[in-house]
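Protein chains get the first letters and strands the later ones, always in sequence-line order, with residue 1 at the start of each. Worth saying up front: this structure is predicted, and the values here are computed from it rather than measured.
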Amino acid sequence: MGDEGENVPANESNDSVVNQDELILAQQRQIEKEISESIPLVGELDSVTSLCKEYSTDDVYLEKIKDLASKYSHVRRTRPDGNCFFRAFSYAILEKLLCDKDSFNTFYKLAENSKNILVELGFQQFTVEDFYETYMEVLKRLSDIDNLDDAKKELHIIFNEQGYSDYMVVYLRLLTSAQLQKEKDFYSCFIEGHRTVVDFCHQEVEPMYKESDHIHIMAACSALNTGVRVLYMDRGVGSSVTQHDLPEGCSPSVHLLYRPGHYDILYP
Amino acid sequence: MSLETKYNLRSPAVKRLMREASELRNPTEEYYACPVEDNLFEWHFTIRGPPDTEFQGGFYHGRILLPPQYPMQPPNIILLTPNGRFQVNKKICLSISGYHPESWQPSWSIRTALLALIAFMPTEGGSTVGSLDYTKEERHTMARASKKWECSTCGKVADILLNADKGFLPALTEEESSLLQNINLKAEDDPNQKQEVTAVDHDPENTFSEKLPKTTPIVPRARAAVFRKPTYNESVPRTAANCSNADTMMESETNEDTYQVQSQRSTDSSNRCPIEIYAILFVIALILIRRLFFLE
């Protein structure tokens, strides 16, 4: 990454009319490429204390990791590409559902009915069908495997195959968008600026690589009829991590670790 | 179909493009697109110029290049028919105006991109890279000429839309129509593309030569003028002789140097001038004195 910093001014002196925005985009693409080459979409299980390596000189974080380690044993990292919440959430919920056939079947039915809701909201039918079919294909493939360990392995493989993994992300983004639009009176209070819920969905929810906020998480949980606990770890005051359940008062089925700008999966 | 054996049908991008190809297989009166024979990731398209605009009656042909990450990343559109609105042989990116310029959505499709392109043609080009600001008349002339335009792969493209089933035009979805109101197109500023553009001028396939991109040549000329003016003001004395030559001097800096030398010489001689006159007067005076005193 250090090299890019030097390349940029060099180009600039060659041609003073060069477009700054293009340079920024080029650098961004380069960083994205490096991330995608070095970090898997969804990683293997790691112990929570492995996080210490990232903060060896930061006492605030080290203190908080100690606190986190008292509540959780393992962490599964995801690629920081702006889709991390959607990818982590999808993976974690399916992994959890694999352990419970009944819940899995209920979820399967919910997913089966979701396409019509999207089409009714005005999404282009044949592209929605494209994502829906792939989503259902993945659910089908997983439900056909009887052995739990094999099913988990298959899930891991699917989520690390770029094409399938991204399709899972897109479909959850669409479901989240649909949920926001269905309950737009409620969600409009949480949107900053003068954007409508529909604008917000087009700009912040449906495009890939757009990072998620509280509002995305609330809508995604509500769309999949589940709850999530988010553990916030930052350099803020105190020696313990803050936790939030979304929606409030739920019994969470998914646990996520939030560090500024990024979500990973946590295991109790 | 040969495509089915060539590509991995398990790949979502391949499945998606096959689906789009079948969705778009029948030409409509307004647009048509299909993959080039053996490459699912490169398409050719034809659109009809939007009615009640200077593009009415025009048929515009181009290429669509699909990134391997499609539909996660947007298709690239390249126009081939001279049109007066977009430079030909230059990538145009689809994006939504507003907060984030690069917000392509995977739920859009090639059809969405074509509809957006048609909707965007009559909008103001401004100074956006890849845009051309031709007059209505010029664009109208190009629209008329475009009927005869031929693609080396697809032949006479106007015929494809003219032969389409009358009235066959799938309705816009709610999402599409709201999207078309705030869609934006911008060219990608790719240095490699610039060379392609100049290469087009020598392309015999183009029935009339596209004017050179207006932005590129103007910039160096403007910069040069700014550079030269101050040099001229500072170093050259403003005498009547070289003021009249000011324009010629702007042309090149070597000329300027010669003028400087000449003007310096002329100033020197004008300083020397009175002494010589005195000398001549002195000599004349001497002659007169000699005549007066010695000849008598």
| query | Counting heavy-atom pairs under 4.5 Å to chain B, which of A:Arg141, A:Glu137, A:Arg173 comes out on top? | reply | A:Arg141

| field | A:Asn147 CG: over 12 foreign heavy atoms closer than 6.0 Å | value | yes

| field | A:Gln162 portion near chain B, given a 4.5 angstrom heavy-atom threshold | value | neither

| query | Given that the side chain runs from C-beta out, which part of A:Val128 has a heavy atom under 4.5 Å from chain B: side chain, backbone, both or neither? | reply | neither

| Using non-hydrogen atoms only, which part of B:Pro71 is less than 4.5 Å away from chain A: side chain, backbone, both, or neither? | side chain

| message | If you compare all heavy atoms of A:Gly163 against all heavy atoms of B:Pro12, which two are closest, and at what distance to 0.1 Å? | response | C-CG, 3.6 Å

| Atom NZ of A:Lys184: over 12 foreign heavy atoms under 6.0 Å | no

| query | Under 4.5 Å between any side-chain heavy atoms of A:Val169 and B:Met72, yes or no? | reply | no

| What is the distance from atom CG of A:Asp130 to atom CZ of B:Arg19, rounded to the nearest 0.5 Å? | 4.5 Å

| query | If you look at every heavy atom in A:Pro207 and B:Pro106, which pair is closest and at what distance? | reply | CA-CD, 4.5 Å

| request: Hey, could you give me the CZ/CZ distance between A:Phe126 and B:Arg16, rounded to the nearest 0.5 Å? | output: 6.0 Å

| message | Are A:Met208 and B:Trp104 packed together at the side-chain level, in the sense that at least one heavy-atom pair is separated by less than 4.5 angstrom? | response | no

| Step-by-step side-chain contact (heavy atoms from CB on, under 4.5 Å) determination, B:Gln69 to A:Asp166 | CA-CA 9 Å; B:Gln69 302 90 339; A:Asp166 284 350; over 6 Å; no

| query | Side chain, backbone, both or neither: which part of A:Tyr167 has a non-hydrogen atom closer than 4.5 Å to chain B? | reply | both

| said: Under a 3.5 Å cutoff, is there a donor and acceptor pairing between the side chains of B:Ser107 and A:Glu206? | reply: no

| B:Trp108 and A:Gln124: which non-hydrogen atoms are nearest, and at how many Å? | CA-OE1, 4.5 Å

| query | Would you find a donor on one side and an acceptor on the other, under 3.5 Å apart, between the side chain of B:Gln105 and the backbone of A:His202? | reply | yes

